[in-house]
Amino acid sequence: MRSLGTDSWKIASAFMGSYIGGSINYVAISEALGVSPSVLAAGVAADNVITAIYFMILFTLASKIPPEASPANGTEVDKESSSEDKTPVLQTATALAISFVICKTATYLSNLFRIQGGSLPGVTAIVVILATLLPKQFSYLAPAGDTLALVLMQVFFSVVGASGSIRSVINTAPSIFLFALVQVTVHLAIILGLGKLFRFDLKLLLIASNANVGGPTTACGMATTKGWGSLVVPGILAGIFGISIATFLGLGFGTMVLKHL
């Protein structure tokens, strides 16, 4: 860890928070501990590259897992749109309008309470609450939501992959890159090893791991893209839970343990 430089324990704490919650926690911990701007930027670049590689590995592991069968009973989905295998314009427009309102509300609340980086967790929290309180109304929008999510998440994963250069990161901050790479590799090895030992479902492990490293948005995107409908909400909740505790765990473990190593 000493190879990370003068901010070694600080950047290690920030990465701990990042891989429990997400990038929001990385920035929050870095600012709280006073990480230098150059080290902060190098860490972000390394995280982008490793996250992109990590998503490729997760989707490769998930490639042979089939999508879930659509439930015959349960949430009521518009039968006409299902039979015609197309998404009506009204559903799509309604889904987009509600999405804009939710995003605006989350941003407003985040600014009102001065929660830095709180917009994204706020959006996911509002969506989960509304879907829980109004399941019938939101099930009507499910076909349009799935279609929009599929398209937009492909764009998201493409942007993540294009936002980092492996050569640039290795040249500018090789120690930070290797440190984060070891963290993610150990995480994946442990979760797959323990999952196999206790015979957990592989797709459940992959979504849980995605929620840890990427956060609720990427976990939801992977579950939606792979057709694992039953894991969408659990992935979001796991990601939100990670974001809510990651900053405190990173700061606490860093100041009480890593600082003295």
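Model, not experiment: these values are computed from the prediction. The residues of the chain are indexed from 1 along the displayed sequence. The figures that follow rest on heavy atoms only: side chains count, while hydrogens, waters and symmetry mates do not.
The shortest distance between side-chain heavy atoms of Tyr140 and Leu90 falls below 4.5 Å. In this structure, the side chains of Leu61 and Leu192 come closer than 4.5 Å at one or more pairs of heavy atoms. Looking at Asp47 and Ser18, their side chains come closer than 4.5 Å, going by heavy atoms from C-beta outward.
Atom CG in Leu206 sits 8.0 Å away from atom CD1 in Ile191 (nearest 0.5 Å). If you take CD1 on Ile98 and OG1 on Thr105, they are separated by 11.5 Å, rounding to the nearest 0.5 Å. A distance of 11.0 Å separates CZ in Phe15 from CD1 in Ile29, rounded to the nearest 0.5 Å. Atom OG1 of Thr185 is separated from atom CD1 of Ile57 by 7.0 Å, given to the nearest 0.5 angstrom. The structure places CG of Leu96 at 10.0 Å from CG of Leu141, a figure rounded to the nearest 0.5 Å. One distance of note links CD1 of Ile20 with CZ of Phe241; it measures 10.0 Å at 0.5 Å rounding.
Screening Val184, Asn212, Asn25 for a side-chain contact (heavy atoms from CB on, under 4.5 Å) involving Tyr19 leaves a single residue, Val184.
Taking every heavy atom of both residues into account, Ala211 and Gly239 meet most closely at CB-N, 3.8 Å.
In this structure, the side chain of Glu68 engages the main chain of Gly229 through a donor-acceptor pair within 3.5 Å. Counting only distance, with no hydrogens or angles, the side chain of Thr225 and the backbone of Met222 share no donor-acceptor pair below 3.5 Å. Side chain of Thr224 to main chain of Gly221: no donor-acceptor pair is present (N/O by atom type, distance under 3.5 Å, no hydrogens or angles). Remark: the backbone N or O of Gly215 is paired with a side-chain donor or acceptor of Thr218 at under 3.5 angstrom. For Ser13 (side chain) and Trp9 (main-chain N/O), a donor-acceptor pair under 3.5 Å exists by modelled atom type. The closest donor-acceptor contact from the side chain of Lys203 to the backbone of Ile65 lies at 3.5 Å or more, if one exists at all. A donor-acceptor pair under 3.5 Å links the side-chain atoms of Asn111 to the main chain of Thr107, judged by distance alone.
Heavy atoms of other residues, nucleotides or ligands lying less than 6.0 angstrom from CZ of Phe248 number 12 at most.
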